[in-house]
Amino acid sequence: MKKIFFTVFVMCLGVVVLGQSPKHTTTPKFKSYKGLVMAGYQGWFRAPGDGAGRGWGHYGRADKFDAENNTIDFWPDVSQYKKTYETPFKDSDGKPARVFSSVDKSTTDLHFSWMKEYGVDGVFMQRFFNVARRYADETKSEDKILANAVNAAEQHGRAIAVMYDLSGLNPNGEDCSAIIEDWKRLVDHQRVTQSQNYLHHNDKPLVAIWGLGFPDRPYDIREIGINRLIDFLKNDPMYGGCTVMLGVPTYFRELDKDCLPDPYLHEVIKSADIVLPWMVQRFTPLLHQDEIRYRDHVMADRQWCDQNGVDYVPLVYPGFSWHNLSKSNPGLARHTAYGAIPRVGGKFYWDLMYNAIVAGADMIYVAMFDEIDEGTAIIPVSDTPPNSDKAHFVSNDGVTPDHYLKLTGWGAKMLRKEVPLSPAMPTN
């Protein structure tokens with residue numbers, strides 16, 4: 001009896017000492033973010049008939065998806081999808097143009113098969129605060145999509161992790177408590193961290209929290225309990241033992257420009273493990289040698305992070321365009337032109353990828369895998385979208401639909417020194 005008690009005591013002590021929760025896998029296939037190129041995955045596209053009951057979510061406005069209510073700037077190439085949905089738009093042959101739904105398992109399986117085929121290491125599944133707020137609702141489509149993604153990651157050997165987005169947090173009476181409860185449920189019921197494909201960093205499950213320090217957010221980071229959330233994720237004996245990554249503004253170091261001038265942000269960053277600056281819209285090929293400014297910015301960021309004991313992951317993106325989204329959404333700050341940050345056939349994306357590695361990056365975040373509504377998607381998009389005199393979409397610059405998946409895979413090989421470092425964009 002004493003021997004049994006001693007064995008159990010030693011096992012429990014080992015959990016405490018090593019900081020490992022008994023609810024997380026002890027045999028992860030991805031022990032570190034370093035050496036990986038991971039993308040953000042929204043998974044927020046809906047269509048009537050997909051079972052989600054959300055109408056044309058993120059394609060249009062509620063139940064409407066037409067020229068006046070369109071919110072996407074790029075049209076997905078759906079030639080490989082098993083299940084698609086008819087829209088009011090017409091292709092050049094006069095047939096109805098079709099789109100996919102993120103809810104369908106076949107969509108998720110296809111996306112992860114692409115990741116394997118082209119060498120994209122994995123994705124961060126975006127989980128917004130309004131989803132976390134409904135942690136007790138077991139019928140929400142976001143849980144189905146996440147479950148499909150975990151299964152697909154295991155099937156195709158890809159890494160997967162959860163990224164909480166604080167967008168939607170109401171400063172009047174809400175804090176980060178809902179995320180704590182949602183994480184408990186993901187661990188207990190969906191068993192996400194039991195998957196060997198859940199991404200670890202420093203041998204601990206990686207959880208990201210995005211949306212700290214941005215001036216357009218209505219909440220005060222001093223008032224939402226972010227310190228308690230980070231402490232919970234890192235130190236809770238049952239659900240903690242995690243590594244924490246924070247999504248912050250580009251100019252977090254200076255606390256200037258796109259960042260609130262609150263030094264508390266630096267305290268929060270130092271309590272975490274990885275910092276991810278949001279650089280979308282901050283760099284453009286329309287400025288001469290802006291990729292050099294990006295390189296120098298990443299180098300300065302890395303130096304600051306080294307001095308403050310946190311890891312750093314730079315962000316790369318293929319371009320930006322949200323004209324249709326902004327014109328149909330009065331709440332957005334800017335109404336931009338189509339292709340506001342042009343893709344230039346992939347050159348801009350490759351310039352960022354190359355210069356991130358030159359600047360010393362050992363891991364990279366791609367924004368985003370599937371975000372066609374803001375023009376940052378790397379999934380295949382159409383070069384002949386259903387344009388008309390009433391509706392317009394951005395073309396793919398004449399490159400193949402899978403061009404950005406190829407570039408991402410090549411970038412991952414270059415990051416790991418499997419191929420030589422080259423400023424020239426691969427062409428085959």
Side-chain angles (χ1 to χ4, degrees), residues 28-45 74 76-83 100-127 142 144-163 192 195-201 205-206 208 245 276 313 315-318 346 349-350 352-353 356-357 361 363-372 376-381 396 399-416 418-419 426:
K29 293 182 178 179
F30 300 91
K31 296 183 178 182
S32 176
Y33 191 168
K34 293 184 178 181
L36 303 182
V37 174
M38 299 282 292
Y41 191 99
Q42 296 289 14
W44 59 17
F45 295 100
F74 284 81
D77 180 318
V78 296
S79 58
Q80 296 185 54
Y81 290 80
K82 291 182 178 180
K83 188 173 184 180
F100 66 85
S101 169
S102 302
V103 175
D104 294 324
K105 183 178 182 298
S106 59
T107 293
T108 312
D109 289 342
L110 177 62
H111 286 172
F112 277 80
S113 72
W114 283 337
M115 294 178 211
K116 180 178 182 179
E117 178 181 357
Y118 293 100
V120 182
D121 293 306
V123 290
F124 284 91
M125 301 297 295
Q126 309 299 294
R127 198 164 177 88
E142 290 83 3
K144 178 181 178 181
I145 294 168
L146 178 58
N148 289 341
V150 172
N151 290 334
E154 293 172 347
Q155 179 183 352
H156 297 288
R158 301 299 93 186
I160 191 168
V162 171
M163 176 178 285
V192 293
S195 172
Q196 290 183 312
N197 289 73
Y198 194 91
L199 177 63
H200 283 50
H201 188 72
L206 177 55
M245 181 169 78
L276 164 66
V313 55
L315 179 149
V316 300
Y317 63 106
Y349 185 47
W350 188 256
L352 295 186
M353 187 81 73
I357 298 171
M363 46 188 164
I364 290 175
Y365 181 91
V366 173
M368 305 279 291
F369 189 81
D370 57 342
E371 197 162 353
I372 53 177
T376 58
I378 62 170
I379 59 170
V381 296
N396 203 31
V399 299
T400 59
D402 61 356
H403 184 60
Y404 293 92
L405 289 172
K406 288 180 178 178
L407 290 181
T408 306
W410 283 324
K413 290 180 180 180
M414 196 163 65
L415 175 71
R416 292 189 288 269
E418 296 171 5
V419 296

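Positions are given from 1, in the same order as the sequence printed here.
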For the backbone of [Y] and the side chain of [X], can you confirm whether one donor and one acceptor N or O come within less than 3.5 Å of each other?
| X | Y | answer |
| --- | --- | --- |
| N396 | T400 | yes |
| Y118 | Y404 | no |
| D77 | P401 | no |
| R158 | A152 | no |
| T107 | S101 | yes |
| H201 | L206 | no |

Which heavy-atom pair separates [X] from [Y] by the least distance, and what is that distance?
| X | Y | value |
| --- | --- | --- |
| A377 | P318 | O-CG, 4.0 Å |
| I145 | S102 | CG1-O, 3.5 Å |
| N197 | A153 | ND2-O, 3.2 Å |
| R416 | G35 | NH1-O, 2.8 Å |
| L415 | A361 | CD1-O, 3.3 Å |
| G346 | H403 | CA-NE2, 4.0 Å |

Please work out whether the ring planes of Y365 and F124 are parallel, tilted or perpendicular, with thresholds of 30° and 60°.
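Answer is tilted, since the angle falls between 30° and 60°.
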Angle between ring planes, Y41 versus F112, binned at 30° and 60°: parallel, tilted or perpendicular?
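Ring orientation of Y41 relative to F112: tilted.
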Does any non-hydrogen side-chain atom of [Y] lie less than 4.5 Å from one of [X]?
| X | Y | result |
| --- | --- | --- |
| S195 | E154 | yes |
| K116 | Q155 | no |
| F30 | D121 | no |
| Q80 | L110 | yes |
| Q42 | M368 | yes |
| V120 | L405 | yes |
| Q196 | P28 | no |
| W114 | P380 | yes |

Partner of I364 under side-chain contact (heavy atoms from CB on, under 4.5 Å), chosen from I357, L315, L36
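So, applying the side-chain contact (heavy atoms from CB on, under 4.5 Å) to I364 and each of I357, L315, L36, only I357 qualifies.
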With respect to F369, which candidate in Q126, M115, M38 satisfies the side-chain contact (heavy atoms from CB on, under 4.5 Å) definition?
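Among Q126, M115, M38, the one that satisfies the side-chain contact (heavy atoms from CB on, under 4.5 Å) with F369 is M115.
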Straight-line distance of [X] [atom1] to [Y] [atom2], nearest 0.5 Å:
| X | Y | atom1 | atom2 | answer |
| --- | --- | --- | --- | --- |
| D370 | F100 | CG | CZ | 6.0 Å |
| K105 | K83 | NZ | NZ | 13.0 Å |
| T408 | I379 | OG1 | CD1 | 12.0 Å |
| D104 | N148 | CG | CG | 9.0 Å |
| M363 | L276 | CE | CG | 9.5 Å |
| T376 | Y317 | OG1 | OH | 10.0 Å |

Go through the steps to decide whether V192 and M125 satisfy the test side chain to side chain contact (heavy atoms under 4.5 Å, CB included), and finish with yes or no.
CA-CA 11 Å; V192 293; M125 301 297 295; over 6 Å; no
Check whether the ring centres of H111 and Y81 lie less than 6.0 Å apart, and answer yes or no.
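So the answer is yes for these two rings.
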